[in-house]
Protein chains: 2
Amino acid sequence: MILKAIVRDYTSSGVPVGSKALAAQLPMHVSSATVRNEMAALEELGLIAKTHSSSGRIPSVKGYRYYVDHLVQPDPIKANDIDIIKSSLEGQFLKIDEIIETSAKILSNLTSYTAFSLKPEHKQSRLSGFRLVPLGKRQVMAVLVTDNGDVESQTFNITPKITGDQLEAVVRLINDQLIGKPLDEVLDALKSEIPMQITNYLQQPEGFLKVFGDVLTQAAQERFYVGGRLNLLSFSDSNDVDELKSLYTLMDHSDDMADVLGQPSDHIQVKIGSEMTNDILKDYSLITATYEAGDHGKGVIALLGPTRMPYSRMIGLVGAFRQELAQRLIDYYRYFDQ
Amino acid sequence: MILKAIVRDYTSSGVPVGSKALAAQLPMHVSSATVRNEMAALEELGLIAKTHSSSGRIPSVKGYRYYVDHLVQPDPIKANDIDIIKSSLEGQFLKIDEIIETSAKILSNLTSYTAFSLKPEHKQSRLSGFRLVPLGKRQVMAVLVTDNGDVESQTFNITPKITGDQLEAVVRLINDQLIGKPLDEVLDALKSEIPMQITNYLQQPEGFLKVFGDVLTQAAQERFYVGGRLNLLSFSDSNDVDELKSLYTLMDHSDDMADVLGQPSDHIQVKIGSEMTNDILKDYSLITATYEAGDHGKGVIALLGPTRMPYSRMIGLVGAFRQELAQRLIDYYRYFDQ
DNA sequence: TTTTAGCACTCAAACAGTTCAAGTGCTAAG
DNA sequence: CTTAGCACTTGAACTGTTTGAGTGCTAAAA
């Protein structure tokens, strides 16, 4: 009870909490001296700590951990917040990416923290079509479509010697052989048998192979979105510019961030301070949740805030958001697959 | 001479400069008392100011202005810097946008400030082709190409009732009527005669018209790039998070930034502190330069740093960079137009 | 055995006072 | 017109003091 009160108090005020204030707040009547004894015991267990020898207590990482694992009850979400989520997610989006991107924005707006969102897993997505669209004398656009509706494109220049027939032959070759295969297999094929076969139509296929490979990796890449980058400036209490820079740099590297997010699990995960793999994040906490978009796989949303964050509210919010998003995506795919 | 020395000193040290240190530094032999008298006169003229009654002097905005207009000599650029610029700009870029984007990056890296770059003006660019590429049952990609090689695309969903023939007819209509026209005229036509004519082929053209309009505005938009956003954290001496946020928000609004950059002129322009239209920028200075990409119009590069910046070095750098970039673009277009 | 009152002690934060160095302006002499 | 000399000002760095919120410990009360 005391630990719970300390966490609740400290996360909302930011000031170490002392025995007297705590005693006044507890539901039963006890004196501050009693609270002090209990606090000494909690400190012994490593759940709380002092900032200096005569200060009030703050939760330790271990304390937060215990709180999150055993004590916290997610706040029921406010009707208002639900409305905001619902209305921001509705609307006729053109692409699924926009829904995911908006998700990160909403979540960061609601919390004033920084939010991340990851598309439903697409390592499993399959090639459903490849096109080359001639645009001008020398420009060609390569377009790749996957079976869950992702579209990637890129323009490139060709030497004018290449004819339309040649391009068409190449497209046909690729489509005949590779449609329906998962993107990683396609990428493998691109490195083995395809180059051989393509020389039947193109003398110097290197340029083309590079473009095709680029578009392919683009499509296969775990694309994730960040919302509320700037909020970091407010909730970080670091004054070290270099530290902030590293954080921003970290956020821009999707592979590093994938490490940070870790393995997705079905329930909402909370990683606290030094529990995070990355040292730069030692003063922050991360709430991660997966969402299921029907049989289109699982995606991830995450929220990065200060270690001292009001977990009950945030966990409640992330939980509610994940549900709304899942529902929205199921609707989306229903329409799309129809 | 004294003003020049004060500016040089202050921009490199950041500390108000006093009479004694200044006297020691001047090329001729004068006492600190003499310098004090001169400084009093400069202060009378409003060119320098004190931070408190017994402090050394710092240049005022008016002082910087005089310095930049009459005293500064651009530093000759280091051979090393030229190498960096040249090597970063070379390489086989796929799109002109990438050259422009890289420009902002290089410039910010070289200076540790924040850099902006703007494509050669494209209000004048003309429509050279419009395509609709069917991607799947319901997905279509709209592609727009301009005569200077810009490509914009967007995917959208259609109702399956629309046939390939209908789409082709629409594309033909647009291309027949609008190819060769400047983008703003195309946009006008889109609001007047086109909708009428298009109803011959499509019953409900609204969705299509919207997509076409979107792609068009995307292409017509002054697209500009920002490099070294994060550097702002280092060179800003503001501790006010909200101020930083407004600055970042400003940078993300291309129209507001266009205001800030102002009218392009042929020589290098320097705007100092409160001379800037935007109040948020009162502690910063902006160096703007245009570059000419042959007959493909003029573009702009700009550098945002603290008011207290080493102008001679920065002006030299921007000047050299503008030349390199112009040369690079001329080469690019020569290849592209060929 | 648990709770409580009481007390001595600790510490950060806020404040006031001191010293120091780097400046200034002014005056009178060179 | 330049300079030496001097009185004066100021921020920064520092020291010491006070205050209040907190602690741990002890001995008495429940």
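Residue numbers begin at 1 in each chain, while the letters A, B, ... track the order of the sequences.
- Atom NZ of B:K86 has 12 or fewer neighbouring heavy atoms from other residues, nucleotides or ligands inside a 6.0 Å radius.
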Show which side-chain atoms of residues 281-290 of chain A pair as donor or acceptor with protein atoms under 3.5 Å away, not counting sequence neighbours.
unit_1, atom_1, unit_2, atom_2, d
A:Y284, OH, A:S236, OG, 2.8
A:S285, OG, A:Y311, OH, 2.8
A:T290, OG1, A:S265, O, 3.1

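- For C:dC11, the OP1/OP2 oxygens have no side-chain nitrogen or oxygen of A:S55 closer than 4.0 Å.
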Just list the side-chain donor-acceptor pairs under 3.5 Å for residues 72-81 of chain A, sequence neighbours left out, or say none.
unit_1, atom_1, unit_2, atom_2, d
A:Q73, OE1, A:K4, NZ, 3.3
A:D75, OD1, A:S312, OG, 3.2

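- Bounding nucleotides for the chain B contact on DNA chain D, 5' to 3', at a heavy-atom distance below 4.0 Å, are D:dT2 to D:dG11.
- Within a 6.0 Å sphere centred on NZ of A:K20, heavy atoms belonging to other residues, nucleotides or ligands number 12 at most.
- The main-chain N or O of B:G46 is found under 3.5 Å from a side-chain atom of B:S60 such that the two form a donor-acceptor pair.
- Between the side chain of B:K245 and the backbone N or O of A:L233, no donor-acceptor pair lies under 3.5 Å.
- The stretch residues 25-39 of chain B touches DNA chain C through B:R36, B:M39, each having a heavy atom under 4.0 angstrom from the strand.
- Remark: the backbone N or O of A:T11 is paired with a side-chain donor or acceptor of A:R308 at under 3.5 angstrom.
- One N or O donor and one acceptor, one from the side chain of A:S54 and one from the base of C:dT10, sit under 3.5 Å apart.
- Between the side chain of B:K50 and the backbone N or O of B:P16, no donor-acceptor pair lies under 3.5 Å.
- The list of side-chain hydrogen bond (donor to acceptor under 3.5 Å, both in side chains) pairs with a residue in residues 62-71 of chain A, not counting sequence neighbours, reads A:R65-A:D69, A:R65-A:E275.
- Rounding to whole angstrom units, NZ of residue A:K50 and C1' of C:dC9 are separated by 12 Å.
- In terms of modelled atom types and a separation under 3.5 Å, the side chain of A:T114 and the main chain of A:G228 share a donor-acceptor contact.
- Of all the residues in residues 13-23 of chain A, A:G18, A:S19 reach under 4.0 Å from DNA chain D with at least one non-hydrogen atom.
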